[in-house]
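Have a look at the structure below, then the notes.
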Amino acid sequence: MAHENKIKQFARDAGFEPLEGRCIIVQPAPDNLSGKIVSFFNSFVKCEMCVLQLCKNELLLFPFDPMWAVLQKDASLVLPYHDIRSVELADDLLNTIITIRTGEDTIRLSAQQKELSDLRTSGLHATQYVGGYKNWHKENMDGTLKALTALGCAAG
């Protein structure tokens, strides 16, 4: 389980300015049904989940450790906003697919929809009990997706 404050501290320690309430849990999005099946069975063996954190000028991805499901401190991806050409969102069954296009690459991420987050792995990784129950993935989903979409609009 990752605490939202720890994510922001990791971003600050790496020299970035994290935005409040703008982090969600994502994983690589499979391209087709076969990829979804493989991903489903791999989820029992390894953890490919990351925290997507929006910062003042860039997007960060912090991976979870596959053995302990705790957040790794090193950012696996730093994507400056000025490199983003477009951001598209599409619902795919119980997930939202986030497609980020840069000048050279396409990054496809899958985020578990907030309505069932308490029952899925995003809720498991994003739950904290500090002064009561909190699922920050669920609470941040709408605002983070809206901010991501705005990045794509600003680039166009």
Side-chain angles (χ1 to χ4, degrees), residues 1-12 16-33 35-66 68-72 75-79 81 84 86-101 106-155:
M1 290 177 271
H3 286 263
E4 192 172 12
N5 288 334
K6 184 180 277 189
I7 296 163
K8 289 186 286 191
Q9 189 59 50
F10 283 176
R12 282 191 289 273
F16 303 102
E17 296 179 50
L19 301 177
E20 186 72 32
R22 293 294 173 261
C23 62
I24 57 173
I25 295 181
V26 297
Q27 62 188 21
D31 291 325
N32 55 37
L33 182 58
K36 289 179 188 177
I37 293 169
V38 170
S39 178
F40 173 77
F41 286 110
N42 279 340
S43 68
F44 296 110
V45 180
K46 61 184 179 177
C47 180
E48 292 184 342
M49 295 196 146
C50 297
V51 171
L52 181 151
Q53 170 68 61
L54 296 178
C55 294
K56 182 178 179 184
N57 298 308
E58 51 278 310
L59 176 153
L60 306 177
L61 286 175
F62 291 107
F64 281 94
D65 181 283
W68 304 105
V70 295
L71 203 59
Q72 295 181 29
S76 65
L77 175 69
V78 177
L79 182 59
Y81 293 154
I84 296 174
S86 68
V87 178
E88 298 170 13
L89 305 177
D91 286 337
D92 181 39
L93 300 174
L94 303 176
N95 299 319
T96 298
I97 304 299
I98 304 164
T99 304
I100 302 170
R101 288 188 175 79
T106 299
I107 301 164
R108 284 177 38 91
L109 302 170
S110 178
Q112 295 178 353
Q113 294 171 349
K114 68 178 187 174
E115 290 80 4
L116 293 176
S117 178
D118 290 328
L119 305 173
R120 299 184 71 200
T121 52
S122 61
L124 173 70
H125 291 310
T127 298
Q128 57 188 69
Y129 297 94
V130 179
Y133 172 82
K134 178 179 180 175
N135 177 339
W136 51 261
H137 171 84
K138 182 178 183 177
E139 291 177 9
N140 295 346
M141 188 73 162
D142 290 337
T144 303
L145 293 180
K146 184 177 179 181
L148 280 168
T149 303
L151 290 175
C153 292

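Numbers here are sequence positions counted from 1.
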field: salt bridge (charged side-chain N to carboxylate O under 4.0 Å, His left out) against Glu88, all qualifying residues, sequence neighbours excluded
entry: Arg101
query: Quick one: CG on Asn135 to CD on Glu139, what's the gap to the nearest 0.5 Å?
result: 7.0 Å
query: How many angstroms lie between OG1 in Thr96 and CG in Asp91, if you round to the nearest 0.5 Å?
result: 4.5 Å
statement: CD1 of Ile100 to CG of Leu89, rounded to nearest 0.5 Å, is 9.0 Å
message: If I take atom CG from residue Leu148 and atom CD1 from residue Ile24, how far apart are they, to the nearest 0.5 angstrom?
response: 6.5 Å
Where Tyr81 and Leu59 come nearest, the two heavy atoms and their spacing: CE2-N, 3.6 Å
Considering all heavy atoms, the nearest Ile7-Phe62 contact: O-CE1, 4.2 Å
Without placing hydrogens or testing angles, list every side-chain donor-acceptor pair under 3.5 Å for residues 140-147, not counting sequence neighbours.
| residue | atom | partner | partner atom | Å |
| --- | --- | --- | --- | --- |
| Asn140 | ND2 | Glu4 | OE2 | 2.8 |
| Asn140 | ND2 | Cys23 | O | 3.0 |
| Asn140 | ND2 | Trp136 | O | 3.2 |
| Asp142 | OD2 | Lys114 | NZ | 2.6 |
| Thr144 | OG1 | Asn140 | O | 2.8 |

- request: Kindly compute the distance separating CD (Glu58) from CG (Leu151), expressed to the nearest 0.5 Å.
  value: 11.0 Å
- line: Smallest heavy-atom separation, Cys55 atom then Pro18 atom, equals SG-CA, 3.7 Å
- prompt: Could you go step by step and tell me if Phe10 and Leu60 meet the side chain to side chain contact (heavy atoms under 4.5 Å, CB included) rule?
  reply: CA-CA 10 Å; Phe10 283 176; Leu60 306 177; over 6 Å; no
message: Give me the atom names and distance for the closest heavy-atom approach of Leu19 to Gln53.
response: O-NE2, 3.1 Å
task: Could you tell me the separation between the CD1 atom of Ile25 and the CG atom of Leu109, rounded to the nearest 0.5 Å?
output: 13.0 Å
